[in-house]
Amino acid sequence: MRFEELLDQVGSFGPFQLWNVALLALPRVLLPMHFLLPVFLAVVPAHRCALPGAPANFSHQDAWLEAHLPQEPDGTLSSCLYFTHSQALPNTTFWGVGQSPGQLEGEPSTAPCPQGWDYDRSEFSSTIATEWDLVCEQKGLNKATSTFFFAGVLVGAVAFGYLSDRFGRRRLLLVAYVSSLGLGLASAASVSYVMFVITRTLTGTALAGFTIIVMLLEMEWLDVGHRTVAGVLSGTFWTVGVMLLALVGYLIRDWRWLLLAVTLPCAPGILSLWWVPESARWLLTQGRVEEAHRYLLRCARLNGWPIGEDGLTQEALDKVATRERVVQRPSYLDLFRTPRLQHISLCCMVMWFGVNFSYYGLSLDVSGLGLNVYQTQLLFGAVELPSKLLVYLFVHHAGRRLTQAGALLGTALALGISLRVTSGMGPWSTALAVTGKGFSEAAFTTAYLFTSELYPTVLRQTGMGLTSLVGRLGGSLAPLAALLDGVWLSLPKLAYAGIALLAACTALLLPETRQAQLPETIQDVERKSAPSRLQKEEIPMKQVQDGVVSGAGPPQKFCSRGWKTRRAGPVAGARGIKPPPQGWSCHQCPLSVLMKP
């Protein structure tokens, strides 16, 4: 008996599952508020060199600043330099007739600000840029905080994925909540930039537990047919978090209090774990049959399924537990075992890198759009809702591949066209940025659906883990790409557009999955491609009928690695075929479901 059959007996989708999704909504809302927090936390307000000695009653402030600060090519006063010797003011006796300062003294010399900066605090009372002067030569450190944070998320995803399999989903979710709360409070109390970077990086590691464990706790209580519905709900909670961040950022203008505001909700999240059920599937893999039985009975009771205490027999649970324990978890190497899987994995890795790189590149850059930062953030969040709805229309009519490629191409075009828009065309800049954000969100949503349908069931979770890992690498590099504006002002957008275009072309190399049966085994994936050397040596695909290979001699049963039954032993003469573990039979192979017990 399989776990899915147990789930059918207690209700695979009902009030129990909806209540579980609702309890896990808080982490979904908190994630974008932390991921996109640099939009407000690290904003750089208008600033100039601190110039002591200015008379308090000086009536010509602009003229006085012009005498002490050089001008940029666009006519604005420099934010990072000052004149080592103040220039003579216009309309004073220091000027000779028909002369200018350059004629009097030659080209004036400039130097970096020696005494810090004065910041415009009309919109933000404090940010990390004003706290530690992360401007001018130090502006790279400001962008690096986001990179360190996403690097922590990458490391945490790997760590929590392993630990949740070893110690349980619910226990590790508690660890993620407590550590996120503690590290968030420590970040808000940081007394130096180094302390802030360290605590913020560790916060990203802790928050990665939400991204991994919440999905597992939701999906392991759902049947395959309703996982898409749960995915839509989870995506909606993300959008709510994006828009809520705009409201919180508008109400709280100090970075320390803002960080506290998005961290403290972890406290009620810890209390909500009292009602969050542990994964019954994981409990069975650990041999904790009685606990799994108790949770399954609770599921049946809330879903209204008529099942008594004896409905789930100890014998049935023991069989499922035995089956779940012997199935080994595939490794990342299994994703490159055959040519077809290699092709899919490499293309998906490039696609996910481009999706994350362009999404966070757009989401973290909300300046120069003709709107204030709060309006832009709210608009960026609002455009995600119609994007998600349009995705689910297009994937059913145009297909997954064209929708994915089209969304990435739309992102690249919006970014490319925005390069031709001048600073005086504010509405056009805003429209193009919002359009690009909508396309990038559509690409993100499609990527989850498309990738999950490309991999076989036995490798689906592993494939999603690898591609999302590469995606997080793209997200961590996106803030650093913004520093390319020091080389050329348009270079960051050009980089985002170029990577998105490359990802769009790569998506076209993937097979279409619309109206296609989900692959269950590696063989199902290989059947869709031309026969490979591996297939010719192991199993002629045209001879496979319901897991039985016909040919000369008596019928023999094989799994996707070429294993025979336990009594028959491994395939004779097949090269590169790993023999089954001692005592295994074919139906226990972690990469095949062709063989039934």
Side-chain angles (χ1 to χ4, degrees), residues 33-52 69-70 72 76-82 110-153 183-204 245 249 252-263 360-361 363-368 372-374 376-377 475-487 489 491-492 495:
M33 298 182 73
H34 277 276
F35 280 30
L36 303 179
L37 191 60
V39 170
F40 303 103
L41 196 75
V43 68
V44 179
H47 55 282
R48 59 174 175 79
C49 292
L51 300 173
L69 300 176
E72 299 290 350
T76 60
L77 296 178
S78 175
S79 299
C80 302
L81 300 174
Y82 82 111
T110 60
C113 303
Q115 301 182 24
W117 289 262
D118 289 331
Y119 297 95
D120 179 7
R121 301 183 185 272
S122 60
E123 189 171 6
F124 297 94
S125 61
S126 176
T127 68
I128 63 170
T130 65
E131 184 80 16
W132 294 298
D133 289 334
L134 305 180
V135 296
C136 299
E137 293 88 353
Q138 302 296 321
K139 69 177 181 178
L141 297 179
N142 193 20
K143 298 292 185 182
T145 56
S146 296
T147 297
F148 286 126
F149 173 81
F150 283 110
V153 173
L183 291 167
L185 295 177
S187 297
S190 296
V191 296
S192 67
Y193 173 77
V194 174
M195 178 181 175
F196 176 79
V197 167
I198 293 175
T199 54
R200 190 67 181 150
T201 302
L202 294 176
T203 302
L245 177 61
I252 303 175
R253 306 297 180 93
D254 184 274
W255 74 269
R256 295 183 187 272
W257 290 105
L258 179 61
L259 190 51
L260 283 175
V262 300
T263 300
Y360 286 107
S363 299
L364 296 175
D365 183 16
V366 294
S367 60
N372 63 43
V373 63
Y374 312 105
T376 303
Q377 181 64 24
S476 65
L477 294 178
L480 291 182
L483 296 176
L484 296 174
D485 61 355
V487 179
L489 190 61
L491 193 55

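We count residues from 1, following the sequence as given.
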**Student:** List the atom pairs, donor and acceptor, that lie under 3.5 Å between side-chain atoms in residues 135-149 and the rest of the protein, sequence neighbours left out.
**Tutor:**
from: N142; atom 1: ND2; to: A42; atom 2: O; distance (Å): 2.9
from: T145; atom 1: OG1; to: N142; atom 2: O; distance (Å): 2.6
from: T147; atom 1: OG1; to: S476; atom 2: O; distance (Å): 2.9

**Student:** Can you name the ring pair (Phe, Tyr, Trp, His ring centres under 6.0 Å) partners of Y82, sequence neighbours left out?
**Tutor:**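 Expected list: none.
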**Student:** Taking ring pair (Phe, Tyr, Trp, His ring centres under 6.0 Å) as the test, write out the residues that go with F150, two or more places apart.
**Tutor:**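 Scan of F150 (ring pair (Phe, Tyr, Trp, His ring centres under 6.0 Å), adjacent residues dropped) gives F35, Y360.
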**Student:** Salt bridge (charged side-chain N to carboxylate O under 4.0 Å, His left out) with D118: which residues, sequence neighbours excluded?
**Tutor:**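 Checked D118 against salt bridge (charged side-chain N to carboxylate O under 4.0 Å, His left out); matches are R48.
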**Student:** Go through the structure and list residues passing ring pair (Phe, Tyr, Trp, His ring centres under 6.0 Å) with W132, not counting sequence neighbours.
**Tutor:**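 Scan of W132 (ring pair (Phe, Tyr, Trp, His ring centres under 6.0 Å), adjacent residues dropped) gives F196, W255.
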**Student:** Could you tell me which non-hydrogen atom of L484 sits nearest to which non-hydrogen atom of A495, and how far apart they are?
**Tutor:**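 That would be CD1-CB, 4.4 Å.
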**Student:** What heavy-atom pair brings S126 and D254 nearest, and what distance separates the two atoms?
**Tutor:**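 Reported closest heavy-atom pair: CB-OD2, 3.3 Å.
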**Student:** Give me the atom names and distance for the closest heavy-atom approach of P492 to A482.
**Tutor:**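 Heavy-atom minimum between the residues: CG-O, 3.7 Å.
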**Student:** List the residues meeting side-chain contact (heavy atoms from CB on, under 4.5 Å) with D120, not counting sequence neighbours, and say none if there are none.
**Tutor:**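 So D120 forms a side-chain contact (heavy atoms from CB on, under 4.5 Å) with A46, S122.
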**Student:** My understanding is that only residues two or more places apart in sequence, or in another chain, count here; which of them pass side-chain contact (heavy atoms from CB on, under 4.5 Å) with I198?
**Tutor:**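 With neighbours one apart ignored, the set is V194, L202.
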**Student:** Angle between ring planes, W117 versus H47, binned at 30° and 60°: parallel, tilted or perpendicular?
**Tutor:**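 If you compare the ring of W117 with that of H47, the planes turn out perpendicular.
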**Student:** Can you name the nearest heavy-atom pair linking L69 to L77, along with the distance?
**Tutor:**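 It is O-CD2, 3.9 Å.
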**Student:** Can you sort out the partners of R121 under salt bridge (charged side-chain N to carboxylate O under 4.0 Å, His left out), two or more places apart, ordered by chain and number?
**Tutor:**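 R121: no salt bridge (charged side-chain N to carboxylate O under 4.0 Å, His left out) contacts found.
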**Student:** Under the side-chain contact (heavy atoms from CB on, under 4.5 Å) rule, collect the residues that match up with V487, sequence neighbours excluded.
**Tutor:**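 So V487 forms a side-chain contact (heavy atoms from CB on, under 4.5 Å) with L491.
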**Student:** According to salt bridge (charged side-chain N to carboxylate O under 4.0 Å, His left out), who are the partners of E123, at least two apart in sequence or on a separate chain?
**Tutor:**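 Applying salt bridge (charged side-chain N to carboxylate O under 4.0 Å, His left out) to E123 gives none.
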**Student:** For the CG atom of L41 and the CG atom of L36, what is their distance to the nearest 0.5 Å?
**Tutor:**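 Reported to 0.5 Å precision, the distance equals 12.0 Å.
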**Student:** Applying side-chain hydrogen bond (donor to acceptor under 3.5 Å, both in side chains) as the test, list every pair that has at least one member in residues 184-201; sequence neighbours left out.
**Tutor:**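 For residues 184-201, and leaving out neighbouring residues, the side-chain hydrogen bond (donor to acceptor under 3.5 Å, both in side chains) pairs sorted by first residue read H34-R200, S187-T199.
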**Student:** Can you name the residues that form a side-chain contact (heavy atoms from CB on, under 4.5 Å) with T127, not counting sequence neighbours?
**Tutor:**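 Only V43, P45, F124, A129, T130 meet the side-chain contact (heavy atoms from CB on, under 4.5 Å) criterion with T127.
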